[in-house]
2 protein chains.
Amino acid sequence: MSLVFSLSPASDIPIYRQIIQHIRRNVIQGQLQLGEQLPAVRVLAESLVVNPNTVARAYGELIRDGLLESRSGVGVFVAEEMRQVFSNAERKRRLDHAVEQLLHEALLLDFPLPDVRATLEEQWKTLQAQLTNRRKK
Amino acid sequence: MSLVFSLSPASDIPIYRQIIQHIRRNVIQGQLQLGEQLPAVRVLAESLVVNPNTVARAYGELIRDGLLESRSGVGVFVAEEMRQVFSNAERKRRLDHAVEQLLHEALLLDFPLPDVRATLEEQWKTLQAQLTNRRKK
DNA sequence: CCAAGTGTATTAGCTTACTCATACGCTCAT
DNA sequence: ATGAGCGTATGAGTAAGCTAATACACTTGG
(Lines give C-alpha, C1' and ligand atoms only; values in the text may rest on other atoms or scores of the structure.)
Protein backbone atom coordinates (compact mmCIF):
# COMPACT_ATOMS: atom_id res chain seq x y z
CA MET A 1 0.00 0.00 0.00
CA SER A 2 2.07 2.89 -1.27
CA LEU A 3 -0.16 5.69 -0.06
CA VAL A 4 1.31 7.01 3.13
CA PHE A 5 1.13 10.58 4.35
CA SER A 6 0.06 12.60 7.30
CA LEU A 7 -2.16 15.62 7.78
CA SER A 8 -1.44 19.09 9.02
CA PRO A 9 -4.01 19.78 11.69
CA ALA A 10 -2.69 23.32 11.97
CA SER A 11 -3.52 23.99 8.33
CA ASP A 12 -6.76 25.76 7.57
CA ILE A 13 -7.23 23.51 4.55
CA PRO A 14 -10.03 21.00 5.21
CA ILE A 15 -8.98 17.42 5.82
CA TYR A 16 -10.76 15.95 2.83
CA ARG A 17 -9.12 18.54 0.60
CA GLN A 18 -5.68 17.71 1.97
CA ILE A 19 -6.35 14.07 1.20
CA ILE A 20 -7.36 14.93 -2.35
CA GLN A 21 -4.21 16.93 -2.79
CA HIS A 22 -1.98 14.13 -1.58
CA ILE A 23 -3.62 11.50 -3.74
CA ARG A 24 -3.48 13.76 -6.80
CA ARG A 25 0.22 14.29 -6.27
CA ASN A 26 0.86 10.61 -5.67
CA VAL A 27 -0.86 9.64 -8.89
CA ILE A 28 0.76 12.37 -10.96
CA GLN A 29 4.20 11.56 -9.63
CA GLY A 30 3.68 7.88 -10.20
CA GLN A 31 3.89 6.73 -6.59
CA LEU A 32 0.45 5.32 -7.16
CA GLN A 33 0.40 3.20 -10.29
CA LEU A 34 -2.47 3.27 -12.74
CA GLY A 35 -4.99 0.63 -11.79
CA GLU A 36 -3.57 0.25 -8.31
CA GLN A 37 -5.99 -0.16 -5.44
CA LEU A 38 -6.20 2.53 -2.80
CA PRO A 39 -6.49 1.81 0.91
CA ALA A 40 -10.02 1.07 2.06
CA VAL A 41 -11.78 4.11 3.41
CA ARG A 42 -11.74 2.71 6.93
CA VAL A 43 -8.09 1.76 6.74
CA LEU A 44 -6.92 5.14 5.55
CA ALA A 45 -9.32 6.79 7.97
CA GLU A 46 -7.84 4.95 10.92
CA SER A 47 -4.32 5.72 9.73
CA LEU A 48 -5.18 9.41 9.56
CA VAL A 49 -7.32 9.36 12.69
CA VAL A 50 -10.36 10.80 10.96
CA ASN A 51 -13.83 9.61 10.16
CA PRO A 52 -14.14 7.11 7.29
CA ASN A 53 -16.70 9.40 5.77
CA THR A 54 -14.14 12.13 5.36
CA VAL A 55 -11.92 9.81 3.35
CA ALA A 56 -14.90 8.68 1.34
CA ARG A 57 -15.66 12.26 0.50
CA ALA A 58 -12.15 12.76 -0.86
CA TYR A 59 -12.39 9.57 -2.89
CA GLY A 60 -15.77 10.61 -4.21
CA GLU A 61 -14.54 13.91 -5.50
CA LEU A 62 -11.59 12.28 -7.24
CA ILE A 63 -13.94 9.74 -8.78
CA ARG A 64 -16.10 12.51 -10.16
CA ASP A 65 -12.96 14.06 -11.63
CA GLY A 66 -12.15 10.78 -13.34
CA LEU A 67 -8.86 10.22 -11.54
CA LEU A 68 -10.15 7.29 -9.51
CA GLU A 69 -12.68 4.55 -10.15
CA SER A 70 -14.88 2.76 -7.69
CA ARG A 71 -15.93 -0.87 -7.98
CA SER A 72 -18.67 -1.04 -5.44
CA GLY A 73 -18.08 -3.64 -2.77
CA VAL A 74 -14.53 -4.17 -3.97
CA GLY A 75 -12.54 -1.01 -3.57
CA VAL A 76 -11.32 2.20 -5.12
CA PHE A 77 -8.66 2.15 -7.81
CA VAL A 78 -6.61 4.61 -9.81
CA ALA A 79 -8.30 4.93 -13.18
CA GLU A 80 -6.53 3.03 -15.95
CA GLU A 81 -7.27 5.65 -18.54
CA MET A 82 -8.27 9.18 -17.91
CA ARG A 83 -11.83 9.04 -19.01
CA GLN A 84 -13.23 12.11 -20.71
CA VAL A 85 -15.09 13.88 -17.96
CA PHE A 86 -15.29 17.32 -19.47
CA SER A 87 -16.27 18.59 -22.89
CA ASN A 88 -13.48 20.01 -24.98
CA ALA A 89 -14.86 23.48 -24.50
CA GLU A 90 -14.87 22.96 -20.76
CA ARG A 91 -11.35 21.59 -20.84
CA LYS A 92 -10.10 24.64 -22.71
CA ARG A 93 -12.00 26.93 -20.39
CA ARG A 94 -10.41 25.33 -17.36
CA LEU A 95 -6.93 25.48 -18.83
CA ASP A 96 -7.42 29.15 -19.66
CA HIS A 97 -8.58 29.82 -16.16
CA ALA A 98 -5.63 28.01 -14.62
CA VAL A 99 -3.19 29.93 -16.79
CA GLU A 100 -4.88 33.20 -15.95
CA GLN A 101 -4.58 32.39 -12.27
CA LEU A 102 -0.87 31.77 -12.67
CA LEU A 103 -0.27 34.95 -14.63
CA HIS A 104 -2.16 37.08 -12.16
CA GLU A 105 -0.24 35.59 -9.27
CA ALA A 106 3.01 36.16 -11.12
CA LEU A 107 2.13 39.78 -11.86
CA LEU A 108 1.12 40.33 -8.27
CA LEU A 109 4.44 38.92 -7.13
CA ASP A 110 6.17 41.04 -9.75
CA PHE A 111 7.77 38.11 -11.54
CA PRO A 112 8.69 38.69 -15.22
CA LEU A 113 7.47 36.23 -17.82
CA PRO A 114 10.83 34.49 -18.30
CA ASP A 115 10.82 33.49 -14.65
CA VAL A 116 7.40 31.97 -15.05
CA ARG A 117 8.46 30.14 -18.19
CA ALA A 118 11.59 28.84 -16.49
CA THR A 119 9.70 27.59 -13.46
CA LEU A 120 7.17 25.88 -15.68
CA GLU A 121 9.81 24.05 -17.70
CA GLU A 122 11.77 23.12 -14.61
CA GLN A 123 8.81 21.63 -12.79
CA TRP A 124 7.78 19.80 -15.90
CA LYS A 125 11.21 18.23 -16.20
CA THR A 126 11.06 17.21 -12.56
CA LEU A 127 7.72 15.53 -13.08
CA GLN A 128 8.92 13.67 -16.15
CA ALA A 129 12.03 12.53 -14.34
CA GLN A 130 10.02 11.16 -11.45
CA LEU A 131 7.75 9.30 -13.81
CA THR A 132 10.52 7.64 -15.80
CA ASN A 133 12.39 6.80 -12.62
CA ARG A 134 9.34 5.00 -11.34
CA ARG A 135 8.99 3.07 -14.56
CA LYS A 136 12.58 1.85 -14.46
CA LYS A 137 12.20 0.29 -11.04
CA MET B 1 -14.35 56.67 -11.83
CA SER B 2 -13.25 53.88 -14.10
CA LEU B 3 -14.23 50.99 -11.90
CA VAL B 4 -17.53 49.72 -13.12
CA PHE B 5 -18.74 46.15 -12.97
CA SER B 6 -21.58 44.08 -11.71
CA LEU B 7 -21.84 40.95 -9.62
CA SER B 8 -23.14 37.50 -10.39
CA PRO B 9 -25.60 36.70 -7.63
CA ALA B 10 -25.97 33.21 -9.06
CA SER B 11 -22.28 32.51 -8.60
CA ASP B 12 -21.23 30.61 -5.51
CA ILE B 13 -18.16 32.83 -5.27
CA PRO B 14 -18.54 35.20 -2.30
CA ILE B 15 -19.24 38.82 -3.12
CA TYR B 16 -16.08 40.20 -1.55
CA ARG B 17 -14.03 37.73 -3.53
CA GLN B 18 -15.73 38.72 -6.78
CA ILE B 19 -14.90 42.32 -6.01
CA ILE B 20 -11.27 41.42 -5.38
CA GLN B 21 -11.15 39.56 -8.65
CA HIS B 22 -12.57 42.47 -10.63
CA ILE B 23 -10.26 45.04 -9.08
CA ARG B 24 -7.23 42.82 -9.63
CA ARG B 25 -8.13 42.42 -13.27
CA ASN B 26 -8.80 46.14 -13.69
CA VAL B 27 -5.42 47.04 -12.26
CA ILE B 28 -3.53 44.40 -14.19
CA GLN B 29 -5.21 45.34 -17.43
CA GLY B 30 -4.58 49.01 -16.81
CA GLN B 31 -8.19 50.15 -16.61
CA LEU B 32 -7.27 51.40 -13.17
CA GLN B 33 -4.15 53.56 -13.36
CA LEU B 34 -1.44 53.38 -10.74
CA GLY B 35 -2.13 55.91 -8.01
CA GLU B 36 -5.72 56.33 -9.07
CA GLN B 37 -8.35 56.58 -6.35
CA LEU B 38 -10.95 53.89 -6.01
CA PRO B 39 -14.61 54.55 -5.32
CA ALA B 40 -15.38 55.12 -1.66
CA VAL B 41 -16.53 51.99 0.09
CA ARG B 42 -20.06 53.36 0.49
CA VAL B 43 -20.24 54.51 -3.13
CA LEU B 44 -19.17 51.17 -4.58
CA ALA B 45 -21.33 49.41 -2.03
CA GLU B 46 -24.43 51.30 -3.14
CA SER B 47 -23.60 50.71 -6.78
CA LEU B 48 -23.34 46.98 -6.12
CA VAL B 49 -26.24 46.93 -3.66
CA VAL B 50 -24.21 45.35 -0.88
CA ASN B 51 -23.06 46.39 2.55
CA PRO B 52 -20.16 48.86 2.68
CA ASN B 53 -18.42 46.44 4.96
CA THR B 54 -18.25 43.86 2.22
CA VAL B 55 -16.48 46.30 -0.07
CA ALA B 56 -14.19 47.29 2.78
CA ARG B 57 -13.26 43.68 3.25
CA ALA B 58 -12.27 43.35 -0.39
CA TYR B 59 -10.24 46.55 -0.21
CA GLY B 60 -8.59 45.38 2.99
CA GLU B 61 -7.42 42.15 1.48
CA LEU B 62 -5.99 43.90 -1.55
CA ILE B 63 -4.24 46.36 0.74
CA ARG B 64 -2.64 43.50 2.63
CA ASP B 65 -1.49 42.11 -0.71
CA GLY B 66 0.14 45.42 -1.52
CA LEU B 67 -1.97 46.13 -4.60
CA LEU B 68 -3.88 48.98 -2.97
CA GLU B 69 -3.00 51.61 -0.41
CA SER B 70 -5.23 53.27 2.10
CA ARG B 71 -4.88 56.84 3.29
CA SER B 72 -7.12 56.87 6.28
CA GLY B 73 -9.86 59.47 6.07
CA VAL B 74 -8.98 60.17 2.45
CA GLY B 75 -9.56 57.11 0.38
CA VAL B 76 -8.13 53.97 -1.15
CA PHE B 77 -5.72 54.17 -4.06
CA VAL B 78 -3.93 51.84 -6.41
CA ALA B 79 -0.41 51.47 -5.07
CA GLU B 80 2.15 53.48 -7.04
CA GLU B 81 4.82 50.87 -6.69
CA MET B 82 4.28 47.29 -5.78
CA ARG B 83 5.74 47.33 -2.32
CA GLN B 84 7.62 44.25 -1.24
CA VAL B 85 5.08 42.39 0.81
CA PHE B 86 6.67 38.97 0.76
CA SER B 87 10.22 37.80 1.29
CA ASN B 88 12.01 36.52 -1.77
CA ALA B 89 11.77 32.99 -0.46
CA GLU B 90 8.05 33.40 0.01
CA ARG B 91 7.68 34.89 -3.47
CA LYS B 92 9.47 31.92 -5.00
CA ARG B 93 7.45 29.52 -2.94
CA ARG B 94 4.23 31.10 -4.13
CA LEU B 95 5.29 31.08 -7.75
CA ASP B 96 6.27 27.43 -7.47
CA HIS B 97 2.93 26.62 -5.96
CA ALA B 98 1.02 28.48 -8.67
CA VAL B 99 2.95 26.69 -11.39
CA GLU B 100 2.39 23.35 -9.71
CA GLN B 101 -1.31 24.06 -9.57
CA LEU B 102 -1.34 24.78 -13.28
CA LEU B 103 0.63 21.68 -14.18
CA HIS B 104 -1.56 19.43 -12.09
CA GLU B 105 -4.68 20.89 -13.64
CA ALA B 106 -3.19 20.44 -17.10
CA LEU B 107 -2.26 16.83 -16.41
CA LEU B 108 -5.68 16.14 -15.00
CA LEU B 109 -7.23 17.59 -18.14
CA ASP B 110 -4.76 15.60 -20.22
CA PHE B 111 -3.24 18.62 -21.93
CA PRO B 112 0.31 18.20 -23.27
CA LEU B 113 2.97 20.69 -22.28
CA PRO B 114 3.02 22.55 -25.61
CA ASP B 115 -0.63 23.43 -25.16
CA VAL B 116 0.11 24.87 -21.75
CA ARG B 117 3.04 26.83 -23.12
CA ALA B 118 0.98 28.16 -26.00
CA THR B 119 -1.86 29.26 -23.74
CA LEU B 120 0.58 30.97 -21.44
CA GLU B 121 2.26 32.92 -24.24
CA GLU B 122 -1.05 33.80 -25.80
CA GLN B 123 -2.57 35.17 -22.62
CA TRP B 124 0.60 37.07 -21.89
CA LYS B 125 0.48 38.73 -25.29
CA THR B 126 -3.15 39.66 -24.70
CA LEU B 127 -2.30 41.27 -21.40
CA GLN B 128 0.59 43.22 -22.89
CA ALA B 129 -1.59 44.40 -25.76
CA GLN B 130 -4.24 45.67 -23.39
CA LEU B 131 -1.64 47.54 -21.39
CA THR B 132 -0.01 49.28 -24.34
CA ASN B 133 -3.40 50.13 -25.77
CA ARG B 134 -4.34 51.83 -22.54
CA ARG B 135 -1.12 53.81 -22.52
CA LYS B 136 -1.70 55.14 -26.01
CA LYS B 137 -5.05 56.64 -25.16
C1' DC C 1 -13.59 74.42 14.24
C1' DC C 2 -16.92 71.60 12.39
C1' DA C 3 -19.32 69.13 8.99
C1' DA C 4 -19.07 66.02 5.32
C1' DG C 5 -16.38 63.01 3.47
C1' DT C 6 -13.39 59.00 4.14
C1' DG C 7 -11.67 54.26 6.11
C1' DT C 8 -12.01 51.10 10.38
C1' DA C 9 -13.60 48.28 14.26
C1' DT C 10 -17.08 45.42 16.74
C1' DT C 11 -20.84 42.70 17.01
C1' DA C 12 -24.50 39.71 15.53
C1' DG C 13 -27.31 36.74 12.48
C1' DC C 14 -27.31 33.51 9.26
C1' DT C 15 -25.81 30.41 6.03
C1' DT C 16 -22.60 27.18 4.41
C1' DA C 17 -19.12 23.81 4.96
C1' DC C 18 -16.97 20.22 7.39
C1' DT C 19 -16.79 16.29 10.13
C1' DC C 20 -18.78 12.63 12.37
C1' DA C 21 -22.00 8.65 13.93
C1' DT C 22 -24.79 5.34 12.21
C1' DA C 23 -26.98 2.36 9.17
C1' DC C 24 -27.35 0.39 4.59
C1' DG C 25 -26.07 -2.26 0.20
C1' DC C 26 -22.74 -4.45 -2.65
C1' DT C 27 -19.00 -8.29 -3.81
C1' DC C 28 -16.37 -12.16 -3.16
C1' DA C 29 -14.03 -16.08 -0.86
C1' DT C 30 -15.22 -19.69 2.03
C1' DA D 1 -25.44 -18.58 1.53
C1' DT D 2 -23.02 -16.18 4.83
C1' DG D 3 -19.70 -13.33 6.80
C1' DA D 4 -15.97 -10.21 6.28
C1' DG D 5 -14.53 -7.00 3.48
C1' DC D 6 -15.71 -3.01 0.74
C1' DG D 7 -18.10 1.64 -0.87
C1' DT D 8 -22.43 4.52 -0.09
C1' DA D 9 -26.29 7.17 1.87
C1' DT D 10 -28.54 9.98 5.55
C1' DG D 11 -28.88 12.97 9.41
C1' DA D 12 -27.03 15.80 12.99
C1' DG D 13 -23.89 18.75 15.42
C1' DT D 14 -20.29 21.92 15.30
C1' DA D 15 -17.24 25.22 13.31
C1' DA D 16 -16.21 28.51 9.98
C1' DG D 17 -17.35 31.96 6.65
C1' DC D 18 -20.04 35.67 4.79
C1' DT D 19 -22.81 39.64 5.08
C1' DA D 20 -24.93 43.20 7.46
C1' DA D 21 -25.95 46.87 11.17
C1' DT D 22 -23.97 50.08 13.94
C1' DA D 23 -20.69 52.98 16.00
C1' DC D 24 -16.01 54.93 15.98
C1' DA D 25 -11.79 57.55 14.09
C1' DC D 26 -9.34 60.10 10.78
C1' DT D 27 -8.68 63.97 7.06
C1' DT D 28 -9.86 67.98 4.70
C1' DG D 29 -12.38 72.04 2.91
C1' DG D 30 -15.39 75.67 4.18
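By convention in this document, chain letters (A, B, ...) are assigned in the order of the sequence lines, proteins followed by strands, and residues within each chain are numbered from 1.
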Value in whole Å for how far the [atom2] atom of [N] lies from [atom1] of [X]:
| X | N | atom1 | atom2 | value |
| --- | --- | --- | --- | --- |
| B:Phe77 | C:dG5 | CZ | C1' | 12 Å |
| A:Glu61 | D:dG7 | CD | P | 17 Å |
| A:Leu48 | C:dC20 | CG | P | 10 Å |
| B:Glu46 | C:dT6 | CD | P | 11 Å |

Other residues, nucleotides, ligands: >12 heavy atoms within 6.0 Å of A:Glu46 CD
no
State whether the number of non-hydrogen atoms from other residues, nucleotides or ligands found under 6.0 Å of B:Glu90 atom CD is greater than 12.
yes
Strictly under 3.5 Å: I want the nitrogen or oxygen pairs between protein and nucleotides 21-27 of chain C, one per line.
{"unit_1": "C:dA21", "atom_1": "OP2", "unit_2": "A:Asn51", "atom_2": "ND2", "d": "3.3"}
{"unit_1": "C:dA21", "atom_1": "N6", "unit_2": "A:Asn53", "atom_2": "ND2", "d": "2.1"}

Can you name the atoms? Protein N/O to nucleotides 1-3 of chain C N/O, anything below 3.5 Å, with the distance.
none

Distance test, side-chain N/O of A:Thr54 to OP1/OP2 of C:dC20, below 4.0 Å
yes
Check whether A:Tyr16 forms a cation-pi arrangement with A:Arg57 (NZ or CZ under 6.0 Å from the six-membered ring centre, at most 45° off the ring normal).
yes
Evaluate the criterion salt bridge (charged side-chain N to carboxylate O under 4.0 Å, His left out) for residue pair A:Glu61 and A:Arg64; output intermediate values, then yes/no.
CA-CA 5 Å; A:Glu61 201 147 313; A:Arg64 273 187 281 119; 3.6 Å; yes
For A:Ile15, which of A:Val50, A:Leu48, A:Ile20 qualifies under side-chain contact (heavy atoms from CB on, under 4.5 Å)?
A:Val50
Below 3.5 Å between N/O atoms, which protein atoms pair up with nucleotides 14-18 of chain C? Just atom names and distances, please.
{"unit_1": "C:dC18", "atom_1": "OP1", "unit_2": "A:Tyr16", "atom_2": "OH", "d": "3.4"}
{"unit_1": "C:dC18", "atom_1": "OP2", "unit_2": "A:Tyr16", "atom_2": "OH", "d": "2.9"}
{"unit_1": "C:dC18", "atom_1": "OP2", "unit_2": "A:Arg57", "atom_2": "NH2", "d": "2.9"}

Nearest to the side chain of B:Val50, heavy atoms from C-beta on, is which of D:dC6, D:dA20, D:dG7?
D:dA20
